[in-house]
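To keep things clear, I will list the structure first and then write my remarks on it.
Every chain is numbered from 1 and lettered A, B, ... according to where its sequence line falls, protein lines coming before strand lines. Keep in mind that what you see is a predicted model, and the values were worked out from it rather than measured.
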Amino acid sequence: MRIATFNINGIKARLPRLLEWLDETRPDIACLQEIKTSDETFPVKDIEDAGYGVIWHGQKGFNGVAILARGDQPVEVRRGLEGEPEDEQSRYLEADVKGVRVASIYLPNGNPQPGPKFDYKLRWMKRLRERAAEIWAEEVPAILAGDYNVIPRDVDIYSPKAMADDALMQPESREAYRRLLGDGWTDSILTRHPAGGVWTYWDYQAGAWPRDAGFRIDHLLLSPAAADRLVDAQVDKAFRGREKASDHAPTWVELRDI
DNA sequence: ATGTCGAGTGAAACTCGA
């Protein structure tokens with residue numbers, strides 16, 4: 001089974017790209033982020049016509065996440081994280097799909113730092129870790145997939161200096177991410193490509209794509225039962241080079257015997 | 001050094017967020 005995560009950066013503007021990606025790569029499960037649409041205007045019919053059941057958690061203009069399942073209907077477990085009832089940003093959706101627990105995550109960017117947006121990012125990471133611990137305790141094969149907006153190590157960016165002051169690679173951001181891994185979650189791309197140099201995001205600005213000036217911020221974290229079945233983890237880099245592409249590339253894992 | 005894009009508002013060209 002192949003499970004992918006893809007920050008689509010606007011599902012309405014990107015719908016042709018999304019549909020051709022589903023058609024060409026046929027992921028069994030796809031987690032989307034930055035759908036940037038209210039729940040009412042989500043293109044449910046186009047996705048169902050492509051052969052996918054889907055649930056989504058939208059918001060007008062910004063954020064928004066979704067979970068797609070090929071030939072199946074995801075069963076929603078949770079939308080949003082606990083701990084901040086006043087938080088109205090749509091960044092977390094969790095479902096049972098095809099025998100695995102899947103979360104689609106759009107972690108706050110946190111810029112500028114320091115400041116309230118960075119504080120929100122760190123609080124959100126703490127809330128995520130608490131939810132992850134609850135999932136862990138269920139001992140199910142689980143995948144926490146999405147745009148984490150964290151560059152875990154210096155080898156996960158083309159130039160550490162270029163982003164040294166950015167929220168994506170502050171020590172606090174990295175530490176919060178490392179705590180998740182310390183809890184036992186497996187960073188699947190890191191496991192398969194330990195030396196680094198694998199990017200999932202290239203900025204639209206400053207010719208980042210033609211210069212291959214990218215970094216790795218889209219992650220698929222696996223519970224032990226899922227990590228035991230890890231066969232491969234890759235980035236579909238070519239999709240970043242297409243017309244009207246998202247600034248992220250689809251990133252995926254292959255698990256055997258599920 | 002700089003280089004972009006999507007969405008909302010509101011009907012062109014700004015703002016915001018990334």
Side-chain angles (χ1 to χ4, degrees), chain A residues 5-21 31-44 46-47 56-66 84 86-92 104-125 128 145-152 156-170 172-174 176-177 199-219 235 237-251:
Chain A
T5 184
F6 191 7
N7 180 320
I8 198 75
N9 188 16
I11 198 169
K12 284 180 278 187
R14 209 78 59 206
L15 192 57
R17 290 291 87 83
L18 173 64
L19 295 176
E20 75 186 14
W21 172 66
C31 297
L32 305 181
Q33 300 85 33
E34 280 205 88
I35 59 175
K36 292 186 176 178
T37 178
S38 59
D39 285 338
E40 297 73 30
T41 48
F42 185 87
V44 54
D46 296 278
I47 290 171
W56 61 96
H57 181 27
Q59 175 183 351
K60 189 159 116 182
F62 307 104
N63 307 321
V65 288
E84 251 176 80
E86 66 280 14
D87 184 0
E88 292 183 342
Q89 301 190 29
S90 299
R91 297 180 173 279
Y92 186 87
S104 183
I105 290 165
Y106 180 47
L107 208 143
N109 174 294
N111 281 303
Q113 75 80 29
K117 291 189 174 181
F118 190 59
D119 297 341
Y120 172 63
K121 174 182 193 143
L122 297 180
R123 289 200 310 277
W124 205 93
M125 294 186 81
L128 174 64
D147 177 359
Y148 280 70
N149 270 315
V150 175
I151 301 164
D156 296 316
I157 180 166
Y158 72 102
S159 161
K161 268 189 184 171
M163 295 275 286
D165 295 328
D166 196 280
L168 275 58
M169 53 179 290
Q170 290 314 295
E172 296 96 324
S173 309
R174 287 180 165 178
Y177 185 74
W199 320 143
T200 68
Y201 169 89
W202 297 257
D203 203 301
Y204 287 125
Q205 300 186 66
W209 170 248
R211 291 192 295 129
D212 197 29
F215 35 91
R216 184 170 74 93
I217 53 176
D218 298 275
H219 308 307
V235 180
K237 186 174 176 178
F239 285 90
R240 178 61 181 84
R242 297 200 177 182
E243 286 297 309
K244 296 272 288 177
S246 170
D247 41 5
H248 296 249
T251 306

Can you name the salt bridge (charged side-chain N to carboxylate O under 4.0 Å, His left out) partners of Arg174(A), sequence neighbours left out? Asp154(A)
P spacing across the pair dG3(B) / dC14(B), given as an integer number of angstrom: 16 Å
Rounding to an integer number of angstrom, what distance separates dA7(B) and dA12(B) when you compare their C1' atoms? 16 Å
Which residues pass the salt bridge (charged side-chain N to carboxylate O under 4.0 Å, His left out) test with Asp247(A), sequence neighbours left out? none
Just jot down the salt bridge (charged side-chain N to carboxylate O under 4.0 Å, His left out) partners of Arg14(A), sequence neighbours excluded, or say none. none
What string of B, S and - do you get for nucleotides 8-18 of chain B, 5' to 3', if B is base contact, S is sugar-phosphate-only contact and - is no contact with any protein heavy atom under 4.0 Å? SS-------SS
Pairs involving residues 202-217 of chain A, ordered by first then second residue, that meet salt bridge (Lys or Arg N to Asp or Glu O under 4.0 Å) (sequence neighbours left out): Asp156(A)-Arg216(A), Asp187(A)-Arg216(A), Asp212(A)-Lys237(A)
Which residues share a salt bridge (charged side-chain N to carboxylate O under 4.0 Å, His left out) with Glu20(A), sequence neighbours left out: Arg17(A), Arg242(A)
For a 4.5 angstrom cut-off between non-hydrogen side-chain atoms, does Thr37(A) reach Trp56(A)? no
Can you check the distance between dG10(B) and dT15(B), where both ends of the measurement are the C1' atom (answer in whole Å)? 13 Å
Taking the nucleotide of DNA chain B with the closest heavy atom to each, which residue, Gly207(A) or Ala245(A), is nearer the 5' end? Gly207(A)
Can you measure Ile8(A) atom CD1 to dA7(B) atom P for me and round it to whole angstrom units? 11 Å
Would you mind classifying the nucleic acid contact of Ala13(A) as base, sugar-phosphate or nothing, using non-hydrogen atoms under 4.0 angstrom? sugar-phosphate
